[in-house]
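These figures come from a predicted structure and were not determined experimentally.
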Amino acid sequence: MRRFGRTVSVITAVLLAGTLLSSCGGTTSADGKVHIEFFQNKPEAKDSFDKLVAKFNAENPNIEVTQVNPPDAETVLLTRVVKNDEPDIVGMGATDTFSILSQSGIFEDLTGQPLLDRVNPAYVKQITDVTGMADITGVPYATNANGIMYNKEIFRKLNLQVPKTWDELIQTAQAVKAAGIIPFYFTYKDDWQTNLSFNALGPNIVGNDFFKARRAGETTFKEHFREVAEKMLALLDYGHSDNFGKTYADGNRSFARGEAAMYIQGTWAIPELRKTNPDLELGFFPFPTGNDPNKVNLISGVDTLLAITQSSKHKEEAAKFVEFLLQPENIGQYIDEQTAFAAVEGVNQDDPAVAELKPYFEQSRFVDFADHFIPAAVQLNSITQSFLQNHNIDWFLNTLDTEWDKVANRRQTQ
Amino acid sequence: MARRRAAFYWMTIPAVVLFFLFHTFPALQGVYYSFTNWNGFGDHYDFIGFKNYYYLFQDSNVWNAYGFTFKFAVVATIFINLISLLIALGLNASIKARNFFRAVYFLPNILSVLIVGYIFNYLFSNVFPIWGAHLGSDTLAGNILGNEKFAWLGVSFVAVWQGIAFNTILYLSGLQTIPTDIYEASNLDGASKWQEFWKITFPMIAPFFTINMVLAMKNSLMVFDLIVALTNGGPGRATQSISHLIYTGGFEGGEFAYQSANSVIYFIVIALISIIQIRFLQRRETDM
């Protein structure tokens, strides 16, 4: 009996040691290769990156890159950072999460690195604007645009022109509605979809400098965002019968089948739409936020940036992979497949669906998404979703202000 | 004899070690961090005492999450127990294809909560509205999960649907512990079915009633995956449960220490409720 007891404890000890060791995650390997983990947060881009990773691994027999792309990747990334188990390379958007991670010193400072040489400085500036740091902690890779998609067939049938101003947009919506077709397909069951109009209207009507002043406590949403809120509400009249019941996936399916004339969305949805209907005649125009067409800017932000973690044991090899992804041929393949835009200069997006956006990129008439500047703890998305249901502008602006202050207070004690 | 006992002690140690390592220790760490301002990563944090707790009580989102969770938990607990007791009574009677029905009713318990959630999410958005439109109701013709006022009913419905399976099995095993001769005796005395239930069946399964009430309440208070799959806390914050708030605020919002404080309070609340429930319901048991 006694021997049995001892055996049990020995087995347990071995098992325990095993779990502890494996959770430390060493990168040494038997095959003599350097193993690099590339973690990225776009499920849509998984296949594209798989192809590029395979190509890189074939060209570099000493390095083995593995792509990791879990669902809800940003949260997974944060939990892994909490456990001190960071991947070598992170691909993510220039969001508040990125900003928090950068400020906590998770990412390597890339200032002055040759990796940044060919990148459009406007996007590098977006990254430092979001983090509020002098260090450049990520290489902008692919960028996206937020605006309004339209079904060219329906527009042709109803004899409609692409609207250039806010008033024209409303007139267009009215004409579509009068013809018995759904003007906008709203997908407000998913709360992140409700901020698309906020993201388009805010930066053009108020400007993103507002957020700097808001951080400093010099201004409030109440003072500046009334027009934004009014216009967000005005659009609701032109939805379908169940605006809050449909998800992003429902919307992609329905819009691709031609059930609505317009779809307030980002370029990221184009590959999804084409999966449902490859023959969809798709157009894309910037959100006309005001009545002076010359003052309308495109909303475009860094959809994917590449950051190398401080804790990576193989920074040189990681940089080599980033360099590989940035080569015009490879980034060209990526943006073609993703209908994205390249942050690298001289690589163009020639997809006819987004042809109308080209002049805006050429003249650098673009501004970043508003929500990139709003702390995630404020939970803009759920506030906006509530507002679009309760239609109470004062409540909306007050809540934004109070939530912002609460989060700022809690962060200040740090 | 002493030797044998020693072996038993050795057998308990691995469990204690594992439990402490993976459960107690992280929990204590959480308590520790709730007095700091750590955001979950990075090296720097300070002690800020009870500030997190102070902010918690002023945070309307926390109150809102508690409000939803309790409303949901009470409704779900009542309906789960009521319906599963009824089903268990039916399944315990001598009906045809009894085992087949038992298997059918147990099925929801085998499916993962997330899968059930995603399936119902699809049904709520694409199938139920069509039925609702046929019934001529404006509310039912839309996705109920997208409606700020009624979304919690949709979530409760799915929770009850799935929760019934497990509790039915527990009630069923309780019913099988009742000796049949008691019923024979009551039959001779001319007791009605109704009297039989209240005077014999229900008192005899009192311990099972207690454990079912406590388990259903605890599970409902801790609801998380169902919320993620069905509404993600929305619309707005209408269906945000406490654990969902802790998770989203702590990890997505980068307020790890703040939400640690929230989970410490949450732990105390759930423990208190369970203790009160057991005390109250067990006193009832002994009265019988």
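Taking a 6.0 Å sphere around CE of A:Met133, one finds it holds more than 12 heavy atoms contributed by other residues, nucleotides or ligands. At most 12 non-hydrogen atoms from other residues, nucleotides or ligands lie less than 6.0 angstrom from CZ of B:Phe25.
Only the side chain of A:Arg253 comes within contact range of chain B, with heavy atoms under 4.5 Å apart. Interface remark: B:Ser60 contributes backbone and side-chain atoms alike to the contact with chain A (heavy atom separation under 4.5 Å). Residue contact with chain A, scored on non-hydrogen atoms closer than 4.5 Å, is absent for B:Tyr9. Heavy atoms of A:Asp72 lying under 4.5 Å from chain B belong exclusively to its side chain. At a 4.5 Å heavy-atom cutoff, the contact between B:Leu230 and chain A is made by backbone atoms alone. Neither the backbone nor the side chain of A:Ser241 comes within less than 4.5 Å of any heavy atom in chain B.
Among the candidates A:Lys189, A:Gln310, A:Glu403, the residue making the largest number of heavy-atom pairs closer than 4.5 Å to chain B is A:Lys189. When each of B:Asn143, B:Asn232, B:Asn121 is scored by its heavy-atom pairs under 4.5 Å with chain A, the top score falls to B:Asn143. Interface summary for chain A: among B:Asn147, B:Ile144, B:Asp59, B:Ile13, the most heavy-atom pairs under 4.5 angstrom belong to B:Asp59. Of the listed residues (A:Asn390, A:Ile100, A:Leu388, A:Val82), the one with the most heavy-atom contacts under 4.5 Å to chain B is A:Val82.
Of all residues spanning residues 123-130 of chain B, those with a heavy atom less than 4.5 Å away from chain A's heavy atoms are B:Ser125, B:Asn126, arranged by number. Interface with chain B: from residues 370-381 of chain A, residues A:Ala376, A:Ala377, A:Val378, A:Gln379 qualify, criterion being any non-hydrogen pair under 4.5 Å.
A salt bridge links A:Asp405 and A:Arg214; the closest N-O separation between the charged side-chain nitrogens and carboxylate oxygens is under 4.0 Å.
Checked against the 6.0 Å centroid threshold, B:Phe72 and B:Trp152 do not count as a close aromatic pair. A:Tyr185 has its ring centre less than 6.0 Å from the ring centre of A:His240. Here the two rings, on A:Phe244 and A:Phe186, have centers that are 6.0 Å apart or farther.
Judged by the 6.0 Å and 45° rule, A:Arg410 forms a cation-pi pair with B:Tyr258.
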**Request:** Assess whether salt bridge (Lys or Arg N to Asp or Glu O under 4.0 Å) is satisfied between A:Asp401 and A:Lys222, documenting all intermediate values.
**Result:** CA-CA 7 Å; A:Asp401 279 321; A:Lys222 210 174 173 173; over 6 Å; no
**From CA spacing to verdict: ring pair (Phe, Tyr, Trp, His ring centres under 6.0 Å), B:Tyr32, B:Phe47** = CA-CA 10 Å; B:Tyr32 169 80; B:Phe47 271 90; 5.5 Å; yes
**Prompt:** What's the verdict on side chain to side chain contact (heavy atoms under 4.5 Å, CB included) for A:Asp191 and A:Thr384, showing C-alpha distance, side-chain angles and the deciding distance?
**Reply:** CA-CA 8 Å; A:Asp191 62 1; A:Thr384 314; over 6 Å; no
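B:Phe70 and B:Tyr66 have parallel rings, their planes meeting at less than 30° on a 0 to 90° scale where 60° marks the start of perpendicular. In this pair, A:Phe198 and A:Phe396 present their aromatic rings perpendicular. The plane angle is above 60°, beyond the 30 to 60° band.
Listed for the A:Thr194 side chain is no donor-acceptor partner under 3.5 Å among the backbone atoms of A:Asp190.
Under 3.5 Å, the side chains of A:Glu272 and A:Thr276 contain no donor-acceptor pair of N or O atoms.
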